[in-house]
Every structure is written in C-alpha cells, then in structure tokens.
Amino acid sequence: MSLTTIDAKTMQKAFISGANNISNNKEYINELNVFPVPDGDTGTNMSLTIMTAASEVEALQEPTIDLIAKAISGGSLRGARGNSGVILSQLFRGFCKDVKGKKSLEVEDLATGFARGVETAYKAVMKPKEGTILTVARGMSEKAGDIIDVETDIIAFLEQVIEHGEAVLSKTPDMLPVLKEAGVVDSGGQGLLEVMKGFLLALKDEPVALLDAQPQKLARGAGVLEDIPKAKGSGKDDISTADIKFGYCTEFIILLEKELTDKQVESIKEYLLSIGDSLVCVADEELVKIHVHTNHPGRAFEKGLEYGQLTRCKVDNMREEHSERVIMENEKQKAAEQEEAFKQLKAEKAASKAEPAEKYGFIAISTGDGFTELFKEIGTSYVVSGGQTMNPSTQDILDAADKVNAENVFILPNNSNIILAANQASAISKDKKIYVVPSKTIPQGIAAMLTFNDSLEPEQNLEGMTAAMKDIKSGEITYAVRDTSIDGKEIHKDDIMGLSDSGLKSVGTDVDAVLDELIESLVDEDSGLISLYYGEDINEDKAEEVQNRLSEKYEDLEVEIRSGGQPIYYYLLSVE
C-alpha cells in the first residue's frame with residue numbers, strides 16, 4: 001500500500017486512531033512509571049490530554065487541515081494533564097502551527113511539522129531532561145529530516161520514523177539511570193509511540209477502535225471517585241438483585257468549558273442511554289447535571305470529561321443495597337441533593353460575577369477533605385480536587401481561576417506533575433493574571449500560603465512564597481504496586497515506601513517502622529517542627545499514638561498531627 005498525501009478526512013481518522021491507541025494502552029504505560037506507587041498516571045494523563053482533542057476533532061462535520069489543527073492544538077492545550085500531557089500538547093501545538101494553511105500533507109510537511117513540534121515542546125520545559133518523551137520525539141524528528149529527500153511514501157516514511165523512535169526509546173534507560181534500575185523504558189516516550197502507531201494503522205486502513213473502559217478502577221481525584229463506595233442502609237438478603245439490570249447509580253455535574261449545542265446535549269444523552277437507563281440530563285449554558293444507572297460508571301465519567309471539569313461525583317452500587325425500599329429512598333434523597341448542588345453552583349457563579357473583584361485570590365490543588373479544610377482556613381479561595389491521584393488539566397485550572405473573583409490569582413500546584421499544566425494555564429489566561437507558585441508538595445503549598453503578605457505586590461509575594469518552600473522538607477508514606485529496585489533498595493509489591501523530596505528513603509513491611517526511618521532521614525539539628533497529616537486509611541486514635549511516640553523520641557521538637565484525609569498515602573509530612 002502506498003500513500004503520498006494525507007487529506008483532511010484521512011488526518012481526522014488517523015488522529016482519532018492515534019488517540020484511541022494510547023487510551024487502550026494507558027494502563028500498560030502507567031505500569032512503566034519508575035516509582036511503583038499506586039498513582040502512576042503517565043498513561044492516564046496522556047490519554048485524557050489527547051482524548052480531549054480527539055473529541056473536538058471527531059465533532060468536525062466538514063474537516064479541513066486548518067480546522068483539525070485548531071481542534072488538536074486547542075483541545076490538547078486545554079485538556080493537558082501532568083508533565084507528559086503538557087509536553088504532548090506542546091508537540092501537537094508546534095506541529096499544528098506548521099501545517100496551518102495547507103490543503104493536504106505530504107512527507108515534507110510531516111517532517112517540518114515534527115521539527116516544529118519538538119522545538120515548541122523543548123521551549124515549554126524549563127530544564128529539559130534527556131531519556132524522556134522529549135528525547136524520543138527529537139529522535140523521530142531527526143529521522144524524519146534524514147529521509148525526506150529519499151522517501152515520498154507516507155506509510156513507508158512513518159514506519160521508518162516509528163522504528164527509529166522505538167530504538168531511541170530502548171536506549172532511554174542508558175540515559176536515565178533511574179529507568180535502568182527500575183527495569184523500564186520512559187513511559188512518556190512509550191505513550192508518544194502508541195499515538196504514532198495508531199496514526200499509522202489508520203493510514204493502512206486499520207484504524208484503532210476505542211476498547212471498553214474498565215469500570216472497576218476509576219481514577220480518584222479531580223472530582224472522580226476510584227473505589228465504588230458501598231451503600232449504607234438496611235439490607236435484606238432475601239430480595240434478589242438479579243433484576244437490577246444496571247448496577248451503579250452514577251451522578252455528576254459537568255462544569256462546561258463552553259456552552260453545549262442541542263446536538264451535543266442529545267449526543268450525551270444517546271451515549272449514556274447506550275450504556276444505561278434511568279437517565280436525567282439537565283443542561284444550561286454553564287453546567288450539565290447527569291444521573292444515570294449503568295454498569296460502567298467510568299465510561300459515563302469519561303464522556304463528561306469531554307465537555308469540562310467534573311464535580312459532585314457519586315457512585316453507588318445498587319446491588320449491594322438489597323432492599324428495594326432503601327434503593328428508592330436513596331434515589332429520592334440523592335436526586336434532591338444533586339438538584340440542590342446544581343442550584344448552588346449556579347448561584348456561586350452568578351454571585352462571583354456580581355461582586356467587585358478582590359486584588360488577590362488563591363487556588364490550591366490537593367486531595368482529601370482535611371487538606372481542603374486546611375487550605376480554606378489559611379486563606380485559599382478555591383481548592384481543586386486532584387494531585388497525587390489525578391492531575392487536573394489546564395482547563396480545570398483555568399475554570400477554577402474563573403471562579404475566583406480576583407485580579408491576581410496564585411496557583412499552588414502542590415505536585416511536581418502539575419506545575420507545567422499550571423504554567424500553561426497562566427500563559428493562556430486572558431481575563432486575569434495568574435501566578436504559579438512552584439510547590440511540589442502539599443506541605444510546601446501550606447508554607448507558601450502562610451508566607452503571603454497582602455501589603456506586597458504580586459511579584460514580591462511570588463518571590464517570598466517560593467523562598468518559603470525551601471525551608472520545608474516533605475515526605476510521604478505509601479505502598480508499592482509492583483516489584484522493582486530504586487536507589488539500590490529492593491522493593492516488592494505491597495511493601496511500604498517512605499519517599500522524600502530527594503527520593504526513596506525507606507522500604508519495609510510496617511507503616512510505623514518506615515515512617516520512623518523516613519523522619520529520621522529528614523530531621524537534623526536545625527529542625528523544630530514535625531507536621532504529620534494522616535490519610536483516610538489511618539484513624540485518629542492511631543495518629544495520636546504516632547504523635548505521642550514521636551514526641552517522646554524528639555523531645556526538643558514540636559510534633560503536630562492533622563487529618564489530611566488523602567487516599568493512597570498513609571501519611572504526608574513535613575519537617576522544618
């Protein structure tokens with residue numbers, strides 16, 4: 001098969017195929033993350049980034065290269081999540097700028113587009129690191145440049161480019177020792193190759209279809225639940241649940257990126273009815289309220305994410321609510337709660353527009369009810385749910401900034417994998433000035449907020465808040481999801497790990513022992529305070545027991561505890 005040009009329809013089909021391919025392989029890509037923590041999310045981030053763009057590309061009825069390029073660039077820019085997603089969006093952005101104005105694409109157009117994409121992506125990263133997605137992208141771009149004079153067939157051209165990309169990917173462990181020790185290649189580079197492979201398959205008339213989503217493990221954070229909660233109520237074992245066709249009552253509200261057309265609303269309804277029943281879908285210019293019974297909550301959430309940020313998400317397993325009476329009562333209660341939440345969100349948005357703007361506003365990204373309360377106590381205007389378990393997109397951050405009625409908005413990413421998305425939001429924000437405080441952990445974000453001085457100018461505050469983070473040593477306790485080796489330490493699945501700003505500090509099978517070893521590595525003669533934030537899997541009594549033990553061990557230090565309520569991480573902590 002030979003192909004010398006790509007027209008708009010072909011490009012549309014090929015891009016969607018590439019997006020589907022990485023989405024189908026996202027869990028495999030997640031497994032390539034160096035640290036075997038349960039929130040390894042490179043595949044998820046890249047998939048959600050490109051699927052936002054793919055939904056816009058697919059919606060084009062009469063595509064042109066320009067329209068497709070605009071949809072890819074804008075969709076991926078707004079939908080970008082995590083460092084890998086932001087870099088992917090920048091690769092697309094550069095490529096799309098280069099092909100603008102063309103009626104069709106030839107080999108030379110692809111090669112120059114690749115080069116422009118790599119150039120744009122490298123500029124977006126302050127300190128580019130080799131052995132990553134950037135290296136793989138650059139390697140493919142260089143190969144494309146080498147063969148444009150000898151290869152006019154696009155399929156043969158892309159086959160050689162992808163083959164070279166795989167060769168570069170295989171060498172990433174030699175460029176980054178941490179990859180070699182963990183026995184993996186770079187996950188971002190692998191994700192990029194999956195996109196390219198899907199694109200190529202479509203050109204061969206073998207487009208990749210999107211596989212069914214797995215409902216048993218939904219992503220937690222950014223308004224989405226991970227573990228489907230068990231309903232509380234008086235069960236009755238003698239009532240069969242076999243007649244419950246769709247087992248999960250799924251509810252959420254979409255904070256729209258832009259007002260939906262009637263056709264888009266009908267499309268949402270049609271899709272949700274294809275995977276469930278008992279649908280309620282109410283839309284206005286800013287919000288969409290969804291209630292549906294389905295066996296696949298994840299698919300419903302993913303559909304909602306195509307149109308904006310999710311909030312007020314809830315999933316109940318109706319098969320565990322054995323009593324029909326309980327089910328009906330709960331349905332009525334939940335419908336009333338959802339209606340009230342819908343009205344409240346509309347009122348909040350209307351009120352924020354009516355009031356005069358403040359000089360300063362603050363957005364923190366964190367997870368856990370305890371941290372949400374804490375950030376609000378210390379002056380944060382709005383908390384975006386996310387962080388370790390789900391990185392919010394650039395659009396999520398922009399939407400949050402839109403809700404903060406202030407001229408200058410400070411963003412606290414509180415996670416190294418969110419800083420690029422926050423920077424991207426700052427760069428494209430039109431209505432207000434956004435300042436990104438480069439906090440990599442929640443304790444750093446807390447320290448930065450406590451340093452803010454409203455008598456100073458924005459740039460002075462940014463400098464002071466950033467400086468305050470240097471006095472904080474952060475740590476976290478979680479568990480391993482696979483066997484690996486990091487920093488010379490052997491790790492086995494389900495081991496407990498103690499991680500600090502500088503990497504892995506302790507490994508063991510006992511949470512308390514690993515916590516003690518981690519804290520010992522962080523405390524020095526200048527330390528005066530240990531702050532411990534316990535997660536949802538640690539109860540208050542246990543936390544107080546740990547506090548007493550640490551207070552006895554470190555008599556000259558103050559030891560504070562507080563519920564963070566975070567999932568997955570038993571403890572987050574700081575030493576200062």
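Between Phe301 and Phe252, the gap from one ring centroid to the other is short of 6.0 Å. Aromatic ring centroids of Tyr571 and Tyr533 lie 6.0 Å or more apart. In this structure, Phe362 has its ring center no closer than 6.0 Å to that of Phe375.
Side chains of Leu412 and Met449 form a contact here, defined as non-hydrogen atoms less than 4.5 Å apart. Side-chain contact check for Asn461 versus Tyr360: some heavy-atom pair is nearer than 4.5 Å.
Across every non-hydrogen atom of Ser84 and Ile133, the tightest pair is O-CD1, 4.4 Å.
In summary, the side chains of Glu552 and Asn548 do not present any donor paired with an acceptor at a separation below 3.5 Å, with no hydrogens or angles considered. For Asp396 and Ser393, the side-chain atoms include at least one donor-acceptor pair closer than 3.5 Å. For Ser474 and Thr441, the side-chain atoms include at least one donor-acceptor pair closer than 3.5 Å. Between the side chains of Thr44 and Asn30, at least one donor N or O sits under 3.5 Å from an acceptor N or O.
The pair Asp516-Arg549 counts as a salt bridge, with a side-chain nitrogen and a carboxylate oxygen less than 4.0 angstrom apart. Ion pairing between Glu130 and Arg138 holds under the 4.0 Å rule for side-chain N and carboxylate O. Lys26 has no carboxylate O lying under 4.0 Å from a charged side-chain N of Glu31, or vice versa, which leaves the two without a salt bridge.
Pairs passing the salt bridge (Lys or Arg N to Asp or Glu O under 4.0 Å) check and including a residue from residues 490-501, sequence neighbours excluded, do not occur.
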CA sep, side-chain torsions, deciding dist, call: Gln424, Gln90, side-chain hydrogen bond (donor to acceptor under 3.5 Å, both in side chains) = CA-CA 10 Å; Gln424 192 152 277; Gln90 291 296 318; 2.6 Å; yes
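The one candidate from Glu540, Glu544, Glu377 that meets the salt bridge (Lys or Arg N to Asp or Glu O under 4.0 Å) condition with Arg562 is Glu377.
Remark: the backbone N or O of Asn391 is paired with a side-chain donor or acceptor of Arg81 at under 3.5 angstrom.
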